[in-house]
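Below, chain A is the first sequence line, B the second, and so on; all start at residue 1.
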Number of protein chains: 2
Amino acid sequence: MDSEIKEPIQLLLVEDDVNLSYLLEENLRAKGISVSLAKTGTGGLELASKTIFDICILDIMLPEMDGFTLAKALLEQQPSLPIIFLTARVQEKDKLLGFEIGADDYISKPFSFKELYYRITAILRRVNLVAPAHSENENLSIGSLVLYPAQRMLSVNGEQRKLSQRESGLLQMLLQHNGQYVNRSEILKKVWGNDDYFTAKSMDVYITRLRKLIKDDPTLEVENLYGTGYRIRQNMANI
Amino acid sequence: MDSEIKEPIQLLLVEDDVNLSYLLEENLRAKGISVSLAKTGTGGLELASKTIFDICILDIMLPEMDGFTLAKALLEQQPSLPIIFLTARVQEKDKLLGFEIGADDYISKPFSFKELYYRITAILRRVNLVAPAHSENENLSIGSLVLYPAQRMLSVNGEQRKLSQRESGLLQMLLQHNGQYVNRSEILKKVWGNDDYFTAKSMDVYITRLRKLIKDDPTLEVENLYGTGYRIRQNMANI
DNA sequence: ACGCATTCTTTCAAATTTCGTATAAATATG
DNA sequence: CATATTTATACGAAATTTGAAAGAATGCGT
């Protein structure tokens, strides 16, 4: 049953049963999965606000915040985060609720670790298959702007410039979202790798810089949505 | 429980129990999924050689060719075809074998159709054929008013305006309730996150503001039910 | 019908949070 | 070491949210 896990998978485990969580942690680690453990719902949310996880396993009955509520909150932060509920609750109603929220799987205790592991890999297989949808280095464009992420090269109105990693990463992220707003914290986690006050300040600086970079094309603008994030779009009204 | 299926899904169902297959077929069709049915393993393989399926549901005990063998053959033809085993076999050994072959899910009978459907959509979501669970950001409208929650953009009579988080949240909540009264405390808990005297006062202010925002369309009104809450509705008598 | 308590409406002025930009310091890179 | 990149700090500006106050409407008991 050995598997094809490519990169170190970041897994969030929220489980208050110490014995179970210890067991899972050990077994998952043995499979090369890096586990972050929280014992309470709020603890799990806290962890997820700082790190991007590839998948999470949630108990339902948890101190402070139940697993359903936690799942909703997590999905708000990361809409495509895969979620597995792992719980003693076997009622059909609970199971359906779990799926309704957007879970990928719902496993009732007791279960075998092997099965859990298979279910995890089944989900990750699909996620990885789909992820390359915007293949990491696909060239992106809007208006007269073209970004070549592989070369970290930016072209605006024919003028070319090399970008730094952060500049390129930030712009790429905005472009990948096709004019939709992107959360500040999503950007921070993806481009900077972590989300705290100081990194956020740093990002502000890069937004300013990005605006300077694109101002050769007056139809382009980086728009802020107060308290949420940014988007890049073409606005013909600007000319 | 409606998830938004993007395109007509082609599903292959291989099941020799006529009653069950009929039931499934009916229910899946009702969900907008197009079902191709085979009663034997070889029959299923035959169908798959003629059509590209988005997903398949396989029984294990089948005439002519068992489900495991069929699954392997199908995967050889279409390596990324999602597979769900649906079977009376509950033995751990069988389940693990199913996953080993590369199944996405393994459901033991008896099961509810709802659960099956959720599990199907969970998989299709990862394959990008179904919109993310809870398009929390579905656009909402009433009269000439349209709210675009993702952009926090409000359009009334063609006039567009950006809304603040509270403004948008409040309006969204009222709109989601379709003209029904919503409890003050429900709104407070959902939009403000807590429900105390001062937050309530704050909400009053936002109700006032909301009324100003919508008054370009004289048919719209935010109505209060004393001691209970608010609703938004269209009232033609207002003109 | 009247008074009284509660709830609602509205306005306006703080207070708070978030954002934008400049500049300096630190760190990485060749 | 020189240069490019990134992070830190500072401060003003803008947007949002809250607080406070005063008047209006509603429900309720008498």
Side-chain angles (χ1 to χ4, degrees), chain A residues 49-50 147 149 151-154 160-174 181-215 220-232, chain B residues 147 149 151-154 160-174 181-215 220-232:
Chain A
S49 69
K50 292 181 190 144
L147 175 68
Q151 289 79 244
R152 295 213 316 260
M153 179 77 92
L154 171 69
Q160 295 203 332
R161 243 211 78 156
K162 261 177 85 179
L163 298 186
S164 77
Q165 288 193 84
R166 301 266 128 108
E167 290 168 338
S168 171
L170 172 60
L171 178 55
Q172 183 181 23
M173 185 129 191
L174 292 178
Y181 285 104
V182 195
N183 278 347
R184 286 182 68 97
S185 76
E186 269 189 67
I187 299 174
L188 284 166
K189 280 188 282 186
K190 178 108 180 182
V191 180
W192 272 264
N194 84 323
D195 173 2
D196 59 32
Y197 177 78
F198 293 102
T199 338
K201 289 285 106 198
S202 196
M203 189 178 102
D204 290 342
V205 174
Y206 275 84
I207 289 286
T208 299
R209 194 172 308 174
L210 181 52
R211 287 184 172 134
K212 281 184 189 155
L213 286 171
I214 67 169
K215 76 162 181 278
L220 298 181
E221 60 183 5
V222 173
E223 230 187 327
N224 168 258
L225 186 60
Y226 192 92
T228 303
Y230 297 88
R231 71 174 172 188
I232 187 169
Chain B
L147 176 67
Q151 287 80 242
R152 296 211 317 255
M153 178 82 93
L154 172 69
Q160 296 202 328
R161 242 210 78 155
K162 268 207 232 176
L163 299 185
S164 78
Q165 294 188 90
R166 303 260 131 107
E167 290 168 339
S168 171
L170 171 60
L171 178 55
Q172 183 180 23
M173 185 131 192
L174 293 178
Y181 283 105
V182 194
N183 279 346
R184 287 183 66 98
S185 75
E186 266 188 70
I187 299 175
L188 284 166
K189 277 185 282 184
K190 176 106 181 184
V191 180
W192 271 263
N194 82 324
D195 173 2
D196 60 31
Y197 177 79
F198 289 105
T199 1
K201 291 287 109 200
S202 198
M203 188 178 103
D204 291 343
V205 174
Y206 277 84
I207 289 286
T208 297
R209 193 173 308 173
L210 181 52
R211 288 185 171 131
K212 279 186 190 154
L213 286 171
I214 67 170
K215 75 162 182 277
L220 297 181
E221 59 184 7
V222 172
E223 243 185 319
N224 169 257
L225 186 58
Y226 193 90
T228 304
Y230 298 89
R231 72 173 171 188
I232 186 169

Q: NA contact type, B:Tyr230, heavy-atom cut-off 4.0 Å: base, sugar-phosphate, or nothing?
A: sugar-phosphate
Q: Between A:Arg152 and A:Ser164, which heavy-atom pair has the shortest distance, and what is it?
A: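 Between these two residues, the closest heavy atoms are NE-C, 3.5 Å.
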Q: Here's a test for you: under side chain to side chain donor-acceptor pair (under 3.5 Å), which of B:Thr228, B:Asn224, B:Asp204 qualifies with B:Arg184?
A: B:Asp204
Q: Taking CG from A:Asn224 and P from D:dA14, how many angstroms apart are they, rounded to a whole number?
A: 14 Å
Q: With sugar-phosphate meaning primed atoms plus P, OP1 and OP2, does A:Lys162 contact a base, only sugar-phosphate, or nothing at under 4.0 Å between heavy atoms?
A: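 Result for A:Lys162 = nothing.
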Q: Return the value, rounded to whole Å, for the distance between atom CG of B:Leu170 and atom C1' of D:dT16.
A: 15 Å
Q: Send over the distance from B:Asp196 CG to D:dG19 P, rounded to a whole Å.
A: 8 Å
Q: So, the side chain of B:Arg211 versus the backbone of B:Val222: is there a donor-acceptor pair under 3.5 Å, distance only?
A: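 Side chain of B:Arg211 to backbone of B:Val222: a pair is present.
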Q: Could you state the atom-to-atom distance from CG of A:Leu210 to C1' of D:dT6 in whole Å?
A: 16 Å
Q: B:Trp192 side chain N/O closer than 4.0 Å to the phosphate oxygens (OP1, OP2) of D:dT18?
A: yes
Q: Taking any heavy-atom pair under 4.0 Å as a contact, classify B:Phe198: base, sugar-phosphate, or nothing.
A: sugar-phosphate
Q: For the residue pair A:Ser185 and A:Asp195, what are the closest heavy atoms and their distance?
A: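 A:Ser185 and A:Asp195 have their closest heavy atoms at CB-OD2, 3.0 Å.
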Q: If you assign B:Arg184 and B:Val205 each to the DNA chain C nucleotide with the nearest heavy atom, which residue ends up on the more 5' nucleotide?
A: B:Arg184
Q: Taking only side-chain nitrogens and oxygens of A:Arg211, does any of them come within less than 4.0 Å of OP1 or OP2 of C:dT21?
A: yes
Q: Measure from OH on A:Tyr206 to C1' on D:dA8 and round the result to the nearest Å.
A: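 Those two atoms, OH and C1', are 12 Å apart.
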Q: B:Tyr226 OH to C:dT9 C1': how many Å, rounded?
A: 12 Å
Q: Need one value for B:Ser164: base, sugar-phosphate or nothing, where a base atom within 4.0 Å counts as base even if backbone is also close, heavy atoms only.
A: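 The residue B:Ser164 makes sugar-phosphate contact but no base contact.
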Q: Is it the case that atom CD in B:Glu223 sees more than 12 heavy atoms from other parts of the structure closer than 6.0 Å?
A: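 Counting neighbours around CD of B:Glu223, more than 12 heavy atoms of other residues, nucleotides or ligands fall under 6.0 Å, so yes.
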Q: Send over the distance from B:Glu167 CD to D:dT16 C1', rounded to a whole Å.
A: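 In whole Å, D:dT16 C1' and B:Glu167 CD are 8 Å from each other.
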Q: Rounded to the nearest angstrom, tell me the gap between atom CG in A:Asn183 and atom P in C:dC19.
A: 11 Å
Q: Report yes if a side-chain nitrogen or oxygen of B:Arg166 is closer than 4.0 Å to either non-bridging phosphate oxygen (OP1 or OP2) of D:dT18; otherwise report no.
A: yes
Q: With a 4.0 Å cut-off on heavy atoms, is A:Asp204 in touch with a base, just the backbone sugar-phosphate, or nothing at all?
A: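 Since a base atom lies under 4.0 Å of A:Asp204, the category is base.
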